[in-house]
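Below: one structure, written as structure tokens.
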Amino acid sequence: ETGVTQTPRHLVMGMTNKKSLKCEQHLGHNAMYWYKQSAKKPLELMFVYSLEERVENNSVPSRFSPECPNSSHLFLHLHTLQPEDSALYLCASSPSPGGRGTQYFGPGTRLLVL
Amino acid sequence: AQKITQTQPGMFVQEKEAVTLDCTYDTSDPSYGLFWYKQPSSGEMIFLIYQGSYDQQNATEGRYSLNFQKARKSANLVISASQLGDSAMYFCAMREGRGATNKLIFGTGTLLAVQP
């Protein structure tokens, strides 16, 4: 396994469902990120974890709940979502704070909320 | 105010020709980094090239080069000898400062179509 992987790649869920997105990085990085990409909008940063601590939460509704059990894994727990939450959710990782800060992305999960 | 501006929603280029994708940025931080990413239809964001604010020379990575004009706050991506596989969305992004997180601010992207 190389790089950043995300599962599932596609997800369809109803508004009352609970699901989780998973991200795993094999790059030895210490920071991980969740982004939301909606049509015709710039990428929106949702959460940042550095050394397994959440360091940024960009006013994301509580129906999105992140979890970072270790520096290689990041989850996004979803519950009672709205149709406007349909988007591509991208995970990224980067080396320790400082340096260039290049983020490496996974392939994303395309989420459709019905 | 937008921090990263990409004024070209879409562009066409003939195969084997060069193309320039525009990006301007706005920051008052003397230390920053500029990135270009490629996003094919599959969705994955692929890192292409990086330019640091203190770098004296323009960055190059294979067929990609970054035309960095600091006084104009522009960081245009130049792709030489375009290939059909270059067709994708291209995003410019900026990292401000060197804080606890490497937060990136993205532009709205440019859709590049390479024609045979």
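Side chains included, hydrogens not; waters and symmetry mates left out as well; all remaining heavy atoms used. Letters go in sequence order (proteins before strands), and every chain restarts at 1.
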message = Using ring centroids (six-membered ring only for Trp), state whether B/F47 and A/F105 fall under 6.0 Å.
response = no
Pairwise distance [atom1]([X]) to [atom2]([Y]) - rounded to 0.5 angstrom:
X	Y	atom1	atom2	result
A/Q6	B/E44	CD	CD	9.0 Å
B/S42	A/R110	OG	CZ	8.0 Å
A/Q103	B/Y37	CD	OH	5.5 Å

Does the side chain of [X] reach to within under 4.5 Å of the side chain of [Y], using non-hydrogen atoms?
X	Y	answer
A/L90	B/M45	yes
A/Y35	B/L104	yes
A/L45	B/K103	yes
B/F91	A/Q37	yes

Say whether [X] and [Y] are linked into one hydrophobic cluster, either directly or through other cluster members, by side-chain heavy-atom distances under 4.5 angstrom.
X	Y	result
B/V114	B/I79	yes
A/M15	A/F64	yes
B/L21	B/I4	yes
B/W36	B/L34	yes
B/V13	B/L66	yes

task = Could you check B/R95 against A/T102 for side chain to side chain contact (heavy atoms under 4.5 Å, CB included), going step by step and ending with a plain yes or no?
result = CA-CA 9 Å; B/R95 182 211 75 236; A/T102 305; over 6 Å; no
If you count every heavy atom of other residues, nucleotides or ligands that lies below 6.0 Å from [X] atom [atom1], does the total exceed 12?
X	atom1	result
B/Q57	CD	no
B/K70	NZ	yes
A/K19	NZ	no

request  = Search all heavy atoms of A/R100 against all heavy atoms of B/Y50 and return the closest pair with its distance.
outcome  = NE-CD2, 3.3 Å
query = Do A/Y104 side-chain atoms and B/I46 backbone N/O form a donor-acceptor pair below 3.5 Å?
reply = no
